[in-house]
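In what follows, chains are A, B, ... by sequence order, proteins preceding strands, each numbered from 1.
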Amino acid sequence: MLDAQSRDFVAMVDCNNFYVSCERVFQPALEGKPVVVLSNNDGCVIARSNEAKALGIAMGEPAFKRKAFFEGNGVRIFSSNYALYGDMSARVMQVLAGFSPEVEVYSIDESFLVFRAMQPDRLVQIAHDIWRTVQKWTGIPVCVGLARTKTLAKIANRLAKKTPASNGVWLLDEAEDIERQLAKIDVGDVWGIGRQYSRFLKASGIDTADKLEQAPRDWVKKHLTIAGLHTVLELGQIPCIAFEDNPPAAKSLVCSRSFGTRISELESLEEALSSYVQRAAEKLRVKKLMAGVVRVFAETSRFHPDPQYTGTGSQTLAAPTSYTPILHAQALRILRRIYRDGFKYQKVGVMFLELVQENNRQLSFIEPSGEERKKQQALMKMLDKANDKFGQRILTLASSGVGRKPWHMRQERKSPRYTTCWAELPMVK
DNA sequence: TCTGGGGTCCTAGGACCC
DNA sequence: TCTGGGGTCCTAGGACCC
């Protein structure tokens, strides 16, 4: 835990326009040009270069509505390439690990670093060093926000991003300075205050971060729950949000996709679900986990006027497992149970819950014998190895269908996996 | 035609038990 | 006729994050 009394600081390091920056590392000609990266299915804009932001392109905007605008303004468009971004992220995080023994990787493009018993001047020097080093070694530009709490460090990071003269570093430490800055921050831009809370707070006369910090604590707890109270305390330099060095194991795992076109037939839903289950089971095994519960959902699109339906169903397994055929059979059974005729489905997905470690699970009387389990594990190991070596999906269950399917997602403008797959590099094609 | 995917946490309310 | 109260567990829904 951070100590409010001593001079412990937290640095929030956030990559600038991360996905766009990743694409630019390998195509430097994109520098200075408007660039956007789209979500899965080429659906919405999920990353924008500064030039794209300046053109008024919003986060989360549906790409198809802006097609003409993109063309007219020379906006370069990319489908998302998570293999590339994940690898670049690992490189950035590795550099950061050289600056503090206490690093919390918070998301693909953000980390918190703790610096204990530090003089502010020295801290700012270190932050500039981080800024320079990450850029030089990975090609990714970052900003560094410094403060006594995570929530304030997030705000400091934002200030660094919005203020070119800051050279990528901002320190929030003196109470009066914090007060002054918070007065300029929209309450909805505070970490932990989302759309609903922002609307509610503004209706209650609280429109800036400083007013939130001064709001009565019990009123905040009543309306924004305990998490909201923590946010308010953190704005007042009281650390409440724990620093997670080694994050706890995942509690759930999902694989779902929107379809390229909406589908009605159970058979197509089964094919799609089948491939998601295989993917999810694979993730399970990579993390050395087993699922105790399988949940499946199927839903229509809320953007269409057609009748809406969301079906969900769960099944507790006789014993936790990561064996694809068992998970697959359960998932299909649930799908058939929740399927309703006459709807156009936009999405199906599978969720694994009650995850347990492979090696410390509770023994059950009904689970397969040791022999049987060993056979299953050997088979999955072989499957994962082959898919890893020869590329995704060389070995799959026949039920997930063969060849290009209409429900497959669109990905029309994906860059090569420059750093992780030689077969996709431009020169060997 | 076309609007992402993957997570966590908190709370209220019902079921159930003693 | 009188018709408790407290604890726990589960689930659904809603909020947040990136």
How is [X] classified with respect to the nucleic acid when contacts are heavy atoms under 4.0 Å: base, sugar-phosphate, or nothing?
X	result
A:Lys222	nothing
A:Leu38	nothing
A:Lys221	nothing
A:Asp109	sugar-phosphate
A:His223	nothing
A:Lys67	nothing
A:Ser301	nothing
A:Gln346	sugar-phosphate
A:Leu253	sugar-phosphate

Quiz prompt | Side chains of A:Gln308 and A:Thr300, donor plus acceptor under 3.5 Å | solution = yes

Quiz item: Do A:Glu51 and A:Ser49 have a side chain donor and acceptor closer than 3.5 Å?
Solution: yes

Self-check item: Centroid-centroid distance, A:Phe115 to A:Phe99, less than 6.0 Å
Solution: no

Quiz item: Can we call the ring centroids of A:Tyr19 and A:Tyr82 under 6.0 Å apart?
Solution: yes

Quiz prompt | Nucleotides bounding contact with chain A, strand DNA chain C, heavy-atom threshold 4.0 Å | solution = C:dA15 to C:dC18

Practice problem: Sticking with atom C1', work out how far B:dC16 lies from C:dG4, rounded to a whole angstrom. | Solution: 15 Å

Quiz prompt | Distance in Å, A:Ile185 CD1 paired with A:Leu212 CG, rounded so as to fall on 0.5 Å steps | solution = 12.0 Å

Quiz item: Using Watson-Crick and G-U wobble pairs with both distances under 3.5 Å, what is the 5'-to-3' dot-bracket string of DNA chain C, with [ ] for crossing pairs and | for pairs outside the strand?
Solution: ....||||||||||||||

Quiz item: Should the ring pair A:Trp219 and A:Phe200 be called parallel, tilted or perpendicular, given that the plane angle runs from 0 to 90° and is split at 30 and 60?
Solution: parallel

Quiz item: Is the A:Tyr106 ring parallel, tilted or perpendicular to the A:Trp191 ring (thresholds 30°, 60°)?
Solution: perpendicular

Quiz item: Under the criterion salt bridge (Lys or Arg N to Asp or Glu O under 4.0 Å), which of A:Glu110, A:Glu104, A:Glu244 is the partner of A:Lys150?
Solution: A:Glu104

Exercise. Could you tell me which residues satisfy salt bridge (Lys or Arg N to Asp or Glu O under 4.0 Å) with A:Glu31, sequence neighbours excluded, listed by chain and number?
Key: A:Arg24

